[in-house]
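What follows is one structure encoded as structure tokens, with my remarks underneath.
Note: hydrogens, waters and symmetry copies are ignored here, and every other heavy atom, side chains too, is used. Just so it is clear, the structure is predicted and the values come from calculations on it, not from any experiment. A, B, ... follow the sequence lines: proteins, then strands. Residue 1 opens every chain.
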2 protein chains.
Amino acid sequence: MADTTPAEVAELATQLRLACMRVSRRVRFESVDAVAPHQFSVLVRLAEAPRNPRELADIEKVSPPSMTRTVNGLAEQGLVTRAPDPDDGRCVIVSLTPDGREALDETRAARDAWMTSRVAELTPAEQDLLRQATLLLHRVADR
Amino acid sequence: MADTTPAEVAELATQLRLACMRVSRRVRFESVDAVAPHQFSVLVRLAEAPRNPRELADIEKVSPPSMTRTVNGLAEQGLVTRAPDPDDGRCVIVSLTPDGREALDETRAARDAWMTSRVAELTPAEQDLLRQATLLLHRVADR
DNA sequence: TATTGTTATACTCTATAACTATA
DNA sequence: TATAGTTATAGAGTATAACAATA
């Protein structure tokens, strides 16, 4: 395998970026989600572990007041609960409720539905290539 | 190559979707764009061809009043121009200006910068695999 | 004094409804 | 009567600034 030139790497990066963004866009357009995108992101984080609003704001790169509002919305829908932190009276611990887990799963299913139908139309060889590419894309997205 | 089961296809679709959305998210977070996302989308469409606000609204799946506002913002920045349609007095033709083209190119360059740095860290073999995957992803995103 | 979280306030993007002009 | 575009108005998400409670 010959080395690639910088120009070839740049062209690949451009095309790969466009392809990923096109797929993301289609997924968003094709699925009608149970919760709004910014709420969904928070549900994903809370499924990993309960967190403080401050942590959520840092992870999602929004201001603390915005996260307060987002958590309020999710709490009103019964998708998350707030609890005082026994170790630090300033902190609040936000957790996913069973309904929140359900909303998360439903949204993921809706997003997967379109993608699955598209992937199913590819040949087994093409699917296998994408299976390997998926691992690389996850590495690309890691910091 | 053995056929894949429906469950394997679904698993691939899920992981591939997540990978694409993670990459898109990182691209958006890592680059500081010259214009807002919804404005950028419109610039991309106008780079393909001049269009009516109605067409833009349909393509971008927003309401006509929202597109009026978006076009107003772009026009105030000097990135697009409005012109009357000589064939239909009700219609307006929105076109990209040289400044608009420049803003489009700058935004694309900013988005590519991070992606290129990440792709450059892969081996030539891995880059080649992603080059093939890119073509498949574009097919997946096509309707 | 620093940090967590909220409230107050304003700006932006979105939508629906209503209006104007043209076909 | 139907369509393109705009204006009017309201709702939701975001931000900064200011405040309360705790460390």
To the nearest Å, give me how far apart CE (Met67(A)) and P (dT16(D)) are.
14 Å
Among Leu74(A), Val35(A), Val62(A), exactly one meets side chain to side chain contact (heavy atoms under 4.5 Å, CB included) together with Val42(A). Which residue is that?
Leu74(A)
Check whether any side-chain N or O of Ser66(B) sits under 4.0 Å from OP1 or OP2 of dA15(C), and answer yes or no.
yes
Nucleotide dA23(D), atom C1' - distance to CG of Asn52(A) in whole Å:
14 Å
Whole-Å gap separating P (dT14(D)) and CG (Leu56(A)):
13 Å
Looking only at side-chain atoms of Arg90(A), point me to the closest of dT14(C), dA2(C), dG5(C).
dA2(C)
Report the distance from atom CD1 of Ile93(B) to atom P of dG5(D), rounded to the nearest whole Å.
10 Å
Sole candidate of Ile93(B), Val94(B), Ile59(B) that passes side chain to side chain contact (heavy atoms under 4.5 Å, CB included) when paired with Arg51(B)
Ile59(B)
Report yes or no: is there a donor-acceptor pair, N or O only, under 3.5 Å between the side chain of Arg54(A) and the base of dT4(C)?
no
Provide, to the nearest angstrom, the distance between the CZ atom belonging to Arg51(A) and the C1' atom belonging to dT4(C).
17 Å
Whole-Å distance between dT6(C) P and Asn72(A) CG?
7 Å
Please state whether the phosphate of dC13(C), meaning OP1 or OP2, lies under 4.0 angstrom from any side-chain nitrogen or oxygen of Ser63(B).
no
Pro65(B) or Pro64(A): which one's nearest nucleotide on DNA chain D is closer to the 5' end?
Pro65(B)
In whole Å, what is the span from the CD atom of Glu60(A) to the C1' atom of dA15(D)?
16 Å
Tell me: CD1 of Ile59(B) to C1' of dA4(D), nearest whole Å?
15 Å
Identify whether the distance between the nearest side-chain nitrogen and carboxylate oxygen of Glu121(A) and Arg139(B) falls below 4.0 Å.
no
For His38(A) and Arg69(B), find the nucleotide of DNA chain D closest to each by heavy atoms; which residue's nucleotide sits nearer the 5' end?
Arg69(B)
Measuring to OP1 and OP2 of dT6(D), would you say a side-chain N or O of Arg82(B) lies under 4.0 angstrom away?
yes
Salt bridge (Lys or Arg N to Asp or Glu O under 4.0 Å) between Arg101(B) and Asp105(B), worked out:
CA-CA 6 Å; Arg101(B) 159 59 70 179; Asp105(B) 292 343; 3.4 Å; yes
Touch check for Asp88(A), heavy atoms < 4.0 angstrom, all strands: base, sugar-phosphate only, or nothing?
sugar-phosphate
Below 4.0 Å: OP1/OP2 of dG5(D) and any side-chain N or O of Thr68(B):
no
Side chain to side chain contact (heavy atoms under 4.5 Å, CB included) partner of Met115(B), the single match among Thr14(A), Leu12(A), Val140(A):
Val140(A)
